[in-house]
Student: 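Sharing a structure, written as structure tokens. Questions coming.
Each chain gets a letter, A, B and so on, in the order its sequence line appears, and its residues count up from 1. It should be emphasised that the depicted structure is a prediction, and the values quoted were computed from it without experimental measurement.
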Number of protein chains: 2
Amino acid sequence: MGRELSTQIVVESEPSNSGGVMAIQLALEVLESLAKHDSVGVTELSRARGSTKARVYRHLRTLVDNGYAVQDLGSERYSAGPRLVALSRVASLTPFESVVRLARPAMMRLRDDTGHSVNLSLVYGETVAIVETLQGNALIGVVMRTHTSMPLHSTAAGKLLLADWLANGIALPDRPYERFTNHTITDTVVLRRELYKVQEQGWAGAPEETVLGVNAVSAPIRDHHGDVIAMLSIMSSIQFIPRIAPRELVDAIKCTAHEISRALIL
Amino acid sequence: MGRELSTQIVVESEPSNSGGVMAIQLALEVLESLAKHDSVGVTELSRARGSTKARVYRHLRTLVDNGYAVQDLGSERYSAGPRLVALSRVASLTPFESVVRLARPAMMRLRDDTGHSVNLSLVYGETVAIVETLQGNALIGVVMRTHTSMPLHSTAAGKLLLADWLANGIALPDRPYERFTNHTITDTVVLRRELYKVQEQGWAGAPEETVLGVNAVSAPIRDHHGDVIAMLSIMSSIQFIPRIAPRELVDAIKCTAHEISRALIL
DNA sequence: ACCGTTGTTACGTCCACCGATACGAAAAGG
DNA sequence: CCTTTTCGTATCGGTGGACGTAACAACGGT
């Protein structure tokens, strides 16, 4: 409901079911729908996913059998089950969650100061995902799907992580770097040079490297070990964040990120 | 870690893979392990589950591909991914979660007053699951696995829900009532009479109806519509909660449950 | 009474999943 | 240092489980 003024940008690789269990894929999507909506129907779900009614029904049934879904009285629609909320315990377990709570006020200040969308990305193993976004003031903004892994070599936040690996002597992934736009850095040598620059200057930009017309500037948030565990980013049209990022904007982000890092130690 | 002095009682039906997708079952167990432990290994998981290493690996791989799991640097063990914590957001969305926060102080008071274990059960569609437990003072206590559906006809909390259905003209489930002990009520007529009694007196007991030697006393928590959405229970050995529940104990539970209900409206 | 829904079920076909087996690497142990 | 174990990963046929098709019963609206 409600008009979506922002451009929905979803970075996602296609199926590529190489040696995986396809059944799980659908089950997970069903779980997400279950979590997102208060209640869902079999036909509705099957149409949304483009699958068969019977298939979705079978998956839904096993979810019910395992307590991850329940069907409302009178054998009507399905909704989230008890064990699904049991999974939520993991959230409070991760030390990351505290970062989100801690960072929010500083993020809001940054948003109000700059007027741009502000994102907080977290490091999950060797992937990066945005976990918190604050919409900017622009009429037409840019948003990313939260909780989805994003490419490392073509995003401001991702390059910060890669630069940290480089600094710690961790080998960069040797899989080929996918080209998203004609600005995407795909050459290993060029990327390494860029990462050294990122590491030295303490922030990263990524003008039109993932999506044309979109720019982002990001600064690292470090834990008490000095490891990069999160990134603070602003993201907007390249019209508002020029390819050569303005000095005061970069300083604001670096300063805020550093401030959050300091709050983490205490 | 830490000695478990309490008797672990898990009420759970066996596989019964009738028309379900078996692959999902394993995937869910993997997800739970991922959520519970900080990191897990393929072999470790396969042994715990009694499955093949290859199978677990394939499942883990698809979970990684979908962002529900990540592997730590250096291709070592696996841990929870970003989308897994995304699912957790639903938990705080459910209106139920507010009940838990609201009820906790009252539950602690009840636990200290009575000395028994106190449980909070929530209604999920047409099932009931314990979501919060407070250990009692007894050296040997009784605990139930949280976030798992429990039978309705043989538990104090379950009978409260059934009684509410009866009052609202909702048909009782016609599936046969499973017999757990020789005290379990399995006859429809006897059960209806019991439910009317429960409804009238405003609380329910279930002495040795699910597990021998265990008794429970429960009172309903209602939302602003008057519908039963949760149950407050105490649970212990029948040695400490006699078959004929003492008057003051029943009053304490009814009073506390009513207090929580009133707090819910405000 | 006729539609168009909904959730549910049965059944036969096929391919996705499985188990066995093996490989390279890294840790353990002597 | 070599051996041994254990880890995650990869490959490869065979098979049975998951799939799609189609029909079912139960509602709700026109």
Student: For Y57(A), give me all partners under ring-ring contact (aromatic ring centres under 6.0 Å, His included), at least two apart in sequence or on another chain.
Tutor: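 Not a single residue meets the ring-ring contact (aromatic ring centres under 6.0 Å, His included) criterion with Y57(A).
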Student: Take the protein atom CZ of R61(B) and the nucleotide atom P of dC17(C), then report the distance between them rounded to whole Å.
Tutor: 13 Å
Student: With T133(A), which residues qualify under side chain to side chain donor-acceptor pair (under 3.5 Å), at least two apart?
Tutor: none
Student: Name all residues meeting the side-chain contact (heavy atoms from CB on, under 4.5 Å) criterion together with E29(B); count only those two or more places apart in sequence or in a different chain, and write none if there are none.
Tutor: Q25(B), R49(B)
Student: Could you tell me the separation between the CG atom of D65(A) and the P atom of dT8(C), rounded to a whole number of Å?
Tutor: 12 Å
Student: So, for T210(B) and T181(B), which heavy atoms are closest and what is the spacing to 0.1 Å?
Tutor: O-CG2, 3.4 Å
Student: Who does dT30(D) pair with, Watson-Crick or G-U, both distances under 3.5 Å?
Tutor: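 None - no nucleotide pairs with dT30(D), as no candidate has both distances under 3.5 Å.
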Student: In the 5'-to-3' direction, what one-character label does each nucleotide of nucleotides 13-22 of chain D receive under the scheme B = base within less than 4.0 Å of a protein heavy atom, S = sugar-phosphate only, - = no such atom?
Tutor: -----SBBB-
Student: Once you round it to whole Å, what is the distance between P of dC27(D) and CZ of R77(A)?
Tutor: 17 Å
Student: Identify, with sequence neighbours excluded, every residue that meets side-chain contact (heavy atoms from CB on, under 4.5 Å) alongside A69(A).
Tutor: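 side-chain contact (heavy atoms from CB on, under 4.5 Å) list for A69(A), sorted by chain: L34(A), L63(A), V64(A).
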Student: Just the rounded figure in Å: distance from C1' of dT9(D) to CG of L60(B).
Tutor: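 It works out to 12 Å between those atoms.
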Student: Suppose we screen for side-chain contact (heavy atoms from CB on, under 4.5 Å). Which residues come up paired with P220(A), at least two apart in sequence or across chains?
Tutor: L160(A), R222(A), V228(A)
Student: Tell me every residue that passes ring-ring contact (aromatic ring centres under 6.0 Å, His included) with H59(B), counting only those two or more places apart in sequence or in another chain.
Tutor: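 If we apply the ring-ring contact (aromatic ring centres under 6.0 Å, His included) test to H59(B), skipping adjacent residues, there are no hits.
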Student: At their closest point, which heavy atom of Q71(A) faces which heavy atom of Y78(A), and how far apart are they?
Tutor: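 That would be OE1-OH, 3.5 Å.
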Student: If the helix axis at each end comes from five base pairs, how far does the helix from dT8(C)-dA23(D) to dC23(C)-dG8(D) deviate from straight, to 10°?
Tutor: 60°
Student: Can you tell me if the side-chain N/O atoms of T43(A) get under 4.0 Å from OP1 or OP2 in dG7(C)?
Tutor: yes
Student: With both distances under 3.5 Å as the test, what is the Watson-Crick or G-U wobble partner of dA1(C)?
Tutor: none
Student: Would you please name every residue forming a salt bridge (Lys or Arg N to Asp or Glu O under 4.0 Å) with R55(A), sequence neighbours left out?
Tutor: none
Student: To the nearest Å, give me how far apart OH (Y57(B)) and C1' (dC17(C)) are.
Tutor: 15 Å
